[in-house]
*Asks:* 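Have a look at the structure that comes next, please.
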Amino acid sequence: MTRVLAVLEARDGRLRAVSNEIVTAARALADALGGTVEALVCAADEVVDASSVGVYGADTVGVLTHQAFARYSPDGFGEALAARAASSRAVVFAATATGRDLAPRVAARLERSLATEVTEVGVDGSAVTATRPVYAGKAHALVKLTGEPALLSVRPGVFTPREDARPGTLSIEPVTLSAAPRVVVREVKAPPSAQLDVAEASIVVSGGRGLQDPSNFAMLERLAAALGRDAAVGASRAVVDAGWRPHAEQVGQTGKTVSPQLYFAVGISGAVQHLAGMRTAKVIVAINKDRDAPIFKIADYGIVGDLFEIVPRLTEELEKIAAS
Amino acid sequence: MKIAVCVKRTPDTEARIKVGADGISIDPTAVKFVMNPYDEFAVEEALQLKERAGGGEIVVVSLGGDAAKDTIRAALAMGADRGILLQTDTTLADGLPVAKAIAETLEGESCDLVLFGKLAVDDGNGQVGPMVGEILGLATVTAVGQLDIDESHGTAEREIEGGVEVVEFPLPAVLTTEKGLNEPRYPALKGIMAAKKKPIEVKPVTLAPAACEIVQLTLPPQRAGGRIVGDGVDAVPELVRLLREEAKAL
Ligand SMILES: Cc1cc2nc3c(=O)[nH]c(=O)nc-3n(C[C@H](O)[C@H](O)[C@H](O)COP(=O)(O)OP(=O)(O)OC[C@H]3O[C@@H](n4cnc5c(N)ncnc54)[C@H](O)[C@@H]3O)c2cc1C
Ligand SMILES: Nc1ncnc2c1ncn2[C@@H]1O[C@H](COP(=O)(O)O)[C@@H](O)[C@H]1O
């Protein structure tokens with residue numbers, strides 16, 4: 001039987017939302033190959049909502065348990081998953097902080113090639129194909145993976161979860177490791193406020209040097225709040241380098257790549273390195289006082305003017321809508 | 001402490017990308033090439049570790065054509081000690097054969113640390129570092145944003161969604177570097193002169209066949225963008241209307 005593995009992610013005993021996207025991509029691939037989707041997740045014990053991915057097309061869900069798996073264990077996850085992946089046709093990871101670390105390890109253990117940051121999957125004859133951004137998104141490569149299993153990691157935010165219900169039959173499978181993991185995640189420090197990560201938010205409101213002072217980002221936080229629970233604040237490198245905002249919020253070539261439904265660039269000029277991180281957003285809005293700012297060339301909607309007047313007014317309008 | 005740093009020659013991030021006549025690679029004419037930006041963090045970290053330890057050796061490794069020597073020289077100018085060019089004219093989109101060739105060379109170097117950038121900005125793979133780590137069977141930590149090292153152990157921080165992982169590992173180890181780890185130095189004139197005399201060993205390599213191949217390279221569809229809704233606050237209601245009714249994004 002042709003099996004496509006979907007490597008899910010969990011934190012604190014629950015699946016992370018990106019798991020639904022991983023299963024959606026794996027389902028598409030399994031349908032093209034005529035196979036089943038076997039979802040796997042590494043955890044210390046229970047993952048309470050593990051079987052919920054059945055809704056998106058997982059035939060089975062295996063929870064691989066080990067006491068070392070309370071947090072991410074690079075060596076442990078790598079060994080456990082490589083053992084399971086060897087006999088599969090394809091393996092789908094997410095290009096998240098964990099998946100980016102894990103997928104190449106599994107690939108090297110299996111001596112198989114890997115396509116990362118994939119935005120489309122397909123099958124051509126007997127080969128798995130994938131589309132992925134190269135040159136920081138300035139070009140797209142269609143690649144052909146000839147080995148078995150074919151390994152890929154999908155970019156978060158691209159594979160919108162699609163319902164296609166399968167049983168999602170759950171099994172708990174204790175794992176034994178050949179050696180104690182050498183690399184150990186001792187703790188996870190959460191940022192002061194556990195906001196939504198820009199890479200995973202469906203709406204991103206980013207600010208640049210045009211904000212003029214770090215305290216003015218409060219204005220963007222209020223705009224994000226008015227846009228709802230799935231909105232996060234992002235930043236250009238100029239303001240991150242100036243120490244106004246944390247690196248975790250930086251969007252662009254040396255920051256995060258985001259593909260939200262809606263992206264606001266406020267007081268951001270639109271340097272190529274910034275565009276590299278957000279050009280795949282579905283809808284882009286730019287607010288800038290310089291009519292010639294390059295950001296307007298890729299924005300779907302632009303307003304030319306002073307952000308200090310426009311942002312509060314926009315926030316007000318959105319709050320009015322939310323209240324009605 | 002002996003440290004190897006792997007550096008790749010990549011197009012400058014400002015470069016305009018055009019698809020070449022073969023349809024599967026870029027047209028390199030008029031493209032300026034530089035050291036992959038993430039690899040600068042790796043070189044800088046190696047230099048700082050050596051300075052702190054008061055001694056050691058830094059070996060720079062690059063796989064590529066003869067032009068990759070320039071990239072090695074750039075690292076030598078920053079202060080690294082010697083270079084190894086793994087010479088091949090094959091350029092691959094597949095990270096595994098590259099990782100295998102680099103691992104084979106590093107095997108003979110027995111380093112305390114091997115540093116990589118977290119990602120090459122041309123192929124955007126983000127895989128060679130951890131693959132080399134696995135092939136060599138060394139403790140590996142990726143996307144390191146902060147690092148503390150003593151003789152036999154290290155502690156690294158890596159950013160994850162909504163937090164920071166604090167990771168402990170033994171040496172020898174393979175690490176990949178993230179922006180924010182340090183501020184790469186500019187080579188001084190003295191360094192540039194000194195680099196000319198530092199040795200670069202040239203080792204021809206044959207890469208294993210690729211199993212992830214580009215079959216088509218295209219430029220992304222131009223965004224239709226460029227629509228100015230209006231000027232100043234008066235344009236706000238129209239923007240909101242368009243976002244709701246036309247884009248259905250609210
Ligand atoms: C190797 C490399 C990697 C890089 N990586 C990144 C990256 O990951 N992310 C990134 O963002 N950058 C990156 N950069 C930097 C990039 O080149 C730009 O310098 C940076 O994006 C500029 O930030 P900015 O748009 O906030 O500032 P600026 O370019 O200074 O733009 C500020 C904008 O604000 C507007 N403005 C000012 N006042 C107002 C007002 N009152 N109302 C409305 N508009 C106003 C101005 O018209 C201007 O357009 C990188 C550069 C290099 C060389
Ligand atoms: N041809 C190469 N020569 C030397 N180092 C490389 C090469 N390709 C990749 N690397 C290293 O591996 C890192 C990740 O590259 P990649 O997996 O291609 O994104 C880079 O930042 C370099 O440190």
*Asks:* Tell me, side chain or backbone of E157(B) under 4.5 Å from chain A's heavy atoms, or both, or neither?
*Replies:* side chain

*Asks:* For chain A, which candidate among Q216(B), R227(B), E161(B), E165(B) shows the most heavy-atom pairs at distances under 4.5 Å?
*Replies:* E161(B)

*Asks:* Taking side chain as C-beta onward, heavy atoms only, is R158(B) less than 4.5 Å from D101(A)?
*Replies:* yes

*Asks:* Would you name the heavy atoms of R279(A) and R223(B) that are closest together and state the gap between them?
*Replies:* O-NH1, 2.6 Å

*Asks:* To the nearest 0.5 Å, what is the distance between CG (L114(A)) and CG (D94(B))?
*Replies:* 8.5 Å

*Asks:* If you apply the rule side-chain contact (heavy atoms from CB on, under 4.5 Å), what do you find for V183(A) with V167(B), and how did you get there?
*Replies:* CA-CA 7 Å; V183(A) 177; V167(B) 186; 3.3 Å; yes

*Asks:* Among K256(A), H247(A), K297(A), who wins on heavy-atom pairs under 4.5 Å with chain B?
*Replies:* H247(A)

*Asks:* By a 4.5 Å heavy-atom criterion (distance strictly below it), what part of L262(A) contacts chain B: side chain, backbone, both, or neither?
*Replies:* side chain

*Asks:* Mind checking the CG-OG1 spacing from L142(A) to T218(B)? Nearest 0.5 Å is all I need.
*Replies:* 8.0 Å

*Asks:* Which pair of heavy atoms, one from L217(B) and one from A139(A), lies closest together, and at what distance?
*Replies:* CD1-CB, 4.1 Å

*Asks:* Give, as side chain, backbone, both or neither, the part of L227(A) having an atom under 4.5 angstrom from any heavy atom of chain B.
*Replies:* side chain

*Asks:* Are the side chains of V166(B) and K189(A) in contact, using a 4.5 Å heavy-atom criterion?
*Replies:* yes

*Asks:* Among K282(A), R109(A), R100(A), R71(A), who wins on heavy-atom pairs under 4.5 Å with chain B?
*Replies:* R109(A)

*Asks:* Relative to chain B, which segment of V198(A) carries a heavy atom at a distance below 4.5 Å: side chain, backbone, both, or neither?
*Replies:* neither

*Asks:* Where on N125(B) is there a heavy atom nearer than 4.5 Å to chain A: the side chain, the backbone, both, or neither?
*Replies:* both

*Asks:* For L102(A), which atoms come within 4.5 Å of any heavy atom of chain B: side chain, backbone, both, or neither?
*Replies:* neither

*Asks:* Are a donor atom and an acceptor atom from the side chains of Q253(A) and T13(B) found within less than 3.5 Å of each other?
*Replies:* no

*Asks:* Please rank T98(A), D197(A), I203(A), I287(A) by heavy-atom pairs under 4.5 Å with chain B and give me the top one.
*Replies:* D197(A)

*Asks:* Checking heavy atoms, do the side chain of P220(B), its backbone, both or neither come under 4.5 Å from chain A?
*Replies:* both

*Asks:* Looking only at heavy atoms, which two atoms of T254(A) and K179(B) are closest? And how far apart?
*Replies:* O-CD, 3.5 Å

*Asks:* Check each atom of I321(A) against the heavy atoms of chain B and say whether the ones under 4.5 Å are side chain, backbone, both or neither.
*Replies:* side chain

*Asks:* Just checking heavy atoms, which of residues 299-306 of chain A are less than 4.5 Å from chain B?
*Replies:* A299(A), D300(A), Y301(A), G302(A), I303(A), V304(A), G305(A)

*Asks:* Could you tell me if the side chain of V215(B) sits less than 4.5 Å from the side chain of T129(A), heavy atoms only?
*Replies:* no

*Asks:* Mind checking the CZ-SG spacing from R112(A) to C212(B)? Nearest 0.5 Å is all I need.
*Replies:* 13.5 Å

*Asks:* Please report the shortest heavy-atom distance between A107(A) and M131(B), naming the atom on each side.
*Replies:* CB-CE, 3.7 Å

*Asks:* Please output the residues of residues 229-250 of chain B in contact with chain A, using a heavy-atom cutoff of under 4.5 Å, in numerical order.
*Replies:* V229(B), G230(B), D231(B), G232(B), V233(B), A235(B), V236(B), P237(B), L239(B), V240(B), L242(B), L243(B), R244(B), E246(B), A247(B), A249(B), L250(B)

*Asks:* Please classify the contact of V285(A) with chain B as side chain, backbone, both or neither, using a heavy-atom distance under 4.5 Å.
*Replies:* side chain

*Asks:* Once rounded to the nearest 0.5 Å, what's the spacing between atom NZ of K138(A) and atom CG of D122(B)?
*Replies:* 11.0 Å

*Asks:* Given a strict heavy-atom distance threshold of 4.5 Å, which part of K18(B) is in contact with chain A: side chain, backbone, both, or neither?
*Replies:* neither

*Asks:* Output the option from R291(A), E117(A), R313(A) having the highest count of non-hydrogen pairs under 4.5 Å with chain B.
*Replies:* R313(A)

*Asks:* I need the residue from A139(B), G180(B), G95(B), A173(B) with the largest number of non-hydrogen atom pairs under 4.5 Å to chain A.
*Replies:* A139(B)

*Asks:* Heavy-atom distance under 4.5 Å to chain B: side chain of K144(A), backbone, both or neither?
*Replies:* both

*Asks:* Which region of E317(A), side chain (C-beta onward) or backbone (N, CA, C, O), has a non-hydrogen atom less than 4.5 Å from a non-hydrogen atom of chain B, or is it both or neither?
*Replies:* side chain

*Asks:* Under 4.5 Å from any heavy atom of chain B, what part of E187(A) do you find: side chain, backbone, both or neither?
*Replies:* both

*Asks:* Report, by ascending residue number, the residues of residues 19-42 of chain B in heavy-atom contact with chain A at a distance under 4.5 Å; give 'none' if the set is empty.
*Replies:* I26(B), Y38(B)

*Asks:* Taking atom NE2 of H140(A) and atom CD1 of I214(B), what is their separation to the nearest 0.5 Å?
*Replies:* 12.5 Å

*Asks:* Which atoms of A143(B) are under 4.5 Å from chain A, going by heavy atoms: the side chain, the backbone, both sets, or neither?
*Replies:* neither

*Asks:* For Y72(A), which residues count as a ring-ring contact (aromatic ring centres under 6.0 Å, His included) partner, sequence neighbours excluded?
*Replies:* F77(A)

*Asks:* What part of T155(B) gets closer than 4.5 Å to chain A, counting heavy atoms only: side chain, backbone, both or neither?
*Replies:* side chain

*Asks:* Specify the closest pair of heavy atoms between L96(B) and A108(A), including all atoms of both residues, with the distance to one decimal.
*Replies:* CD1-CA, 4.3 Å

*Asks:* Taking 4.0 angstrom as the limit, do R105(A) and E134(B) come out as a salt bridge?
*Replies:* yes

*Asks:* Is chain B contacted by the side chain of P133(A), its backbone, both, or neither, given a heavy-atom distance below 4.5 Å?
*Replies:* backbone

*Asks:* To check you understand the geometry: which heavy-atom pair defines the closest contact between Q127(B) and T116(A), and what is its length?
*Replies:* NE2-CG2, 3.6 Å

*Asks:* If I measure from the heavy atoms of chain B, does D241(A) come under 4.5 Å with its side chain, its backbone, both, or neither?
*Replies:* side chain

*Asks:* Are side-chain heavy atoms of I160(B) and R11(A) found at a separation under 4.5 Å?
*Replies:* yes

*Asks:* Is it the side chain or the backbone of L138(B) that comes within 4.5 Å of chain A heavy atoms, both, or neither?
*Replies:* backbone

*Asks:* What part of E111(A) is in contact with chain B, defined as an atom under 4.5 angstrom from a non-hydrogen atom: side chain, backbone, both or neither?
*Replies:* both

*Asks:* Between A210(B), A156(B), A211(B), which shows the greatest number of heavy-atom pairs under 4.5 Å with chain A?
*Replies:* A211(B)

*Asks:* Side chain, backbone, both or neither: which part of K289(A) has a non-hydrogen atom closer than 4.5 Å to chain B?
*Replies:* neither

*Asks:* If we only count heavy atoms from C-beta on, is the E168(B) to V185(A) side-chain gap below 4.5 Å?
*Replies:* no

*Asks:* Would you say that more than 12 heavy atoms from the other residues, nucleotides or ligands in this model lie under 6.0 Å from the NZ of K100(B), or not?
*Replies:* yes

*Asks:* Measure distances from V283(A) to the heavy atoms of chain B and classify the residue's part below 4.5 Å as side chain, backbone, both or neither.
*Replies:* both

*Asks:* In terms of heavy-atom pairs under 4.5 Å, which option from S113(A), A232(A), G78(A) contacts chain B the most?
*Replies:* S113(A)

*Asks:* Heavy-atom pairs under 4.5 Å with chain B - which of T146(A), V184(A), L145(A), V272(A) has more of them than the others?
*Replies:* V184(A)

